[in-house]
Each structure stands twice: as structure tokens, then as C-alpha cells.
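Before any comments, here is the structure.
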Amino acid sequence: MDRPRSEQRRFEVSPLTIALAGVMIAVVFVATRFIQVPIPSGYIHLGDIAIYTGAFLFGPIVGGVSGALGPMLADLTSGYGQYAPATLVLHGLQGFLAGWIGWRAGFWRLVLATVLGGAIIVVGYFLWEVALLRIGLATAIANLPFNLWQVTTGAIGGIALTVFFRRTYPVVLAQLRPARFRREA
């Protein structure tokens, strides 16, 4: 028995989504890999700005995929492979959740998305370091302010870039949306 047409399209991933995800994986990787600040047991980076921007402009699939793979590849190529599994899951959730809440949403939903995404990162890495890496409670606590700084700068930068791109390129961004998701003004 055939499924209704609307149900068939709901989970389709278009070639445009795949292309945008590929480009954003590269952007997130570069922002994460080449802009690193060492901390007691790892590094902080500006990749969260790219994760949030991609999620807010292109949706939860692009945000989740680029958030998962870009920073994970940066971990693997930076010598921090012990963080790669956590990065895959945590930044993937961060990007997916940000896209789900903030995709084409207003300013306050963008703020909500970054607060929830930031909480996933800070709590997730703290638990990863304490429970699985066993680096010690003192080191994990010492990393907390740095992780908070990372998610705060990511939120501010991601929201600022999203607002900038939405105001500067509204026609181009409207053409990237599938017709079934466009809001009619």
C-alpha cells in the first residue's frame, strides 16, 4: 500500500541538503581545527559559531551533520582522538537541536536554541571527562569556564552571523528553502 505523498517527502534528504551539509562540514572543520586555544585537557575553538550559523540558516539536518562531523574530524587531526566520540554526539546534538528550534525562527528562539545547545556541550563534556576519560574532577571543573566561554562566543557569533545573512541575502536564502517550508508573508 502506498504512503501519502506528504509522508513520503517528510524524510527525504535533497541533493541541496547534502551539498549544504558537505560545505558546512568543511566550514565547521576549518573553524574548529585552525582556531584552537589549549585548555587543561583539550582545546576550545570557534567552530560553534559555524555550527549555529549553519543550523539556523539551513536546518537541523545540516546543523546536526556538520556539527557532528566537522569538530570530530578536527579532534582526530589535532591529536585529541579521546574526545572524538563525545564530540560526534554532543556537537551533533547541539547542531540538530539548534536547527530544530532556530531554523527560520525569530531572535528569542535563536537565543533559546543556543542556550540549550550550550548546555548540551558544557554538561556533556564535563560528564565525558569525569565518567569516561577519568581525568579527575579538578581538571574537569577547571575546563568548565573555558567551555562556557566557547558556547557563549559561539552563541553570540552564530546569532550575529545568522541575523546578518538573513538581512543581507533574504532572496538567496528563500530560494534555498523547499517550497513546502516557505512562510508566506
Side-chain angles (χ1 to χ4, degrees), residues 13 16-37 39 42-75 78 80 83-84 86-126 128 143-170 172-174 176-178 181 183:
V13 176
L16 177 62
T17 303
I18 294 168
L20 289 170
V23 168
M24 288 308 300
I25 289 168
V27 169
V28 172
F29 171 77
V30 168
T32 304
R33 176 66 176 91
F34 297 107
I35 306 170
Q36 295 179 345
V37 178
I39 62 172
Y43 64 94
I44 56 173
H45 54 83
L46 297 178
D48 287 10
I49 295 171
I51 293 170
Y52 284 132
T53 303
F56 294 153
L57 293 177
F58 307 124
I61 293 173
V62 172
V65 170
S66 64
L69 297 178
M72 183 199 68
L73 292 171
D75 281 351
S78 298
Y80 293 98
Y83 283 97
T87 298
L88 178 76
V89 172
L90 297 174
H91 282 288
L93 284 173
Q94 174 194 28
F96 180 81
L97 184 66
W100 186 46
I101 294 172
W103 189 25
R104 292 187 303 273
F107 177 78
W108 292 111
R109 288 204 36 194
L110 298 180
V111 171
L112 173 65
T114 58
V115 168
L116 294 176
I120 288 171
I121 297 302
V122 172
V123 171
Y125 276 119
F126 179 81
W128 179 260
N143 287 338
L144 284 176
F146 298 107
N147 287 332
L148 286 169
W149 180 86
Q150 176 180 306
V151 297
T152 302
T153 57
I156 293 168
I159 291 172
L161 279 176
T162 299
V163 169
F164 171 77
F165 286 130
R166 285 180 180 174
R167 289 186 181 167
T168 307
Y169 303 105
V172 174
L173 292 173
L176 292 175
R177 299 181 201 166
F181 291 124
R183 290 185 186 167

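Everything numeric here is computed off the predicted structure, so don't read it as measured data.
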Could you state the interatomic distance from [atom1] ([X]) to [atom2] ([Y]), rounded to the nearest 0.5 Å?
X: Trp100; Y: Ile61; atom1: CH2; atom2: CD1; value: 13.5 Å
X: Ile39; Y: Asn143; atom1: CD1; atom2: CG; value: 4.0 Å
X: Asn147; Y: Asp48; atom1: CG; atom2: CG; value: 9.5 Å
X: Met24; Y: Leu69; atom1: CE; atom2: CG; value: 12.5 Å
X: Arg33; Y: His45; atom1: CZ; atom2: NE2; value: 12.0 Å
X: His91; Y: Ile121; atom1: NE2; atom2: CD1; value: 4.0 Å

Minimum heavy-atom separation for [X] and [Y], please, with both atom names.
X: Gly95; Y: Ala55; result: O-CB, 3.4 Å
X: Leu57; Y: Phe165; result: CD1-CD1, 3.7 Å
X: Tyr52; Y: Gln94; result: OH-NE2, 3.0 Å
X: Phe58; Y: Trp103; result: C-NE1, 3.4 Å
X: Val65; Y: Ala21; result: CG1-CB, 4.2 Å
X: Val28; Y: Pro71; result: CG1-CD, 3.4 Å

Is any side-chain heavy atom of Thr87 less than 4.5 Å from a side-chain heavy atom of Tyr125?
yes

Any side-chain heavy-atom pair of Phe56 and Arg166 under 4.5 Å
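Sidechains of Arg166 and Phe56: in contact.
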
Report the residue from Val37, Val30, Ile35 that forms a side-chain contact (heavy atoms from CB on, under 4.5 Å) with Leu46.
Ile35

Does any N or O in the side chain of [X] come within less than 3.5 Å of the main-chain N or O of [Y], such that one atom is a donor and the other an acceptor?
X: Thr114; Y: Val111; answer: yes
X: Thr153; Y: Gln150; answer: yes
X: Arg109; Y: Ile101; answer: yes
X: Thr17; Y: Val13; answer: no

Angle class for the Tyr169/Phe164 ring planes (parallel below 30°, perpendicular above 60°, tilted otherwise)?
perpendicular

Donor-acceptor pair between Tyr43 and Thr32 side chains, under 3.5 angstrom
no

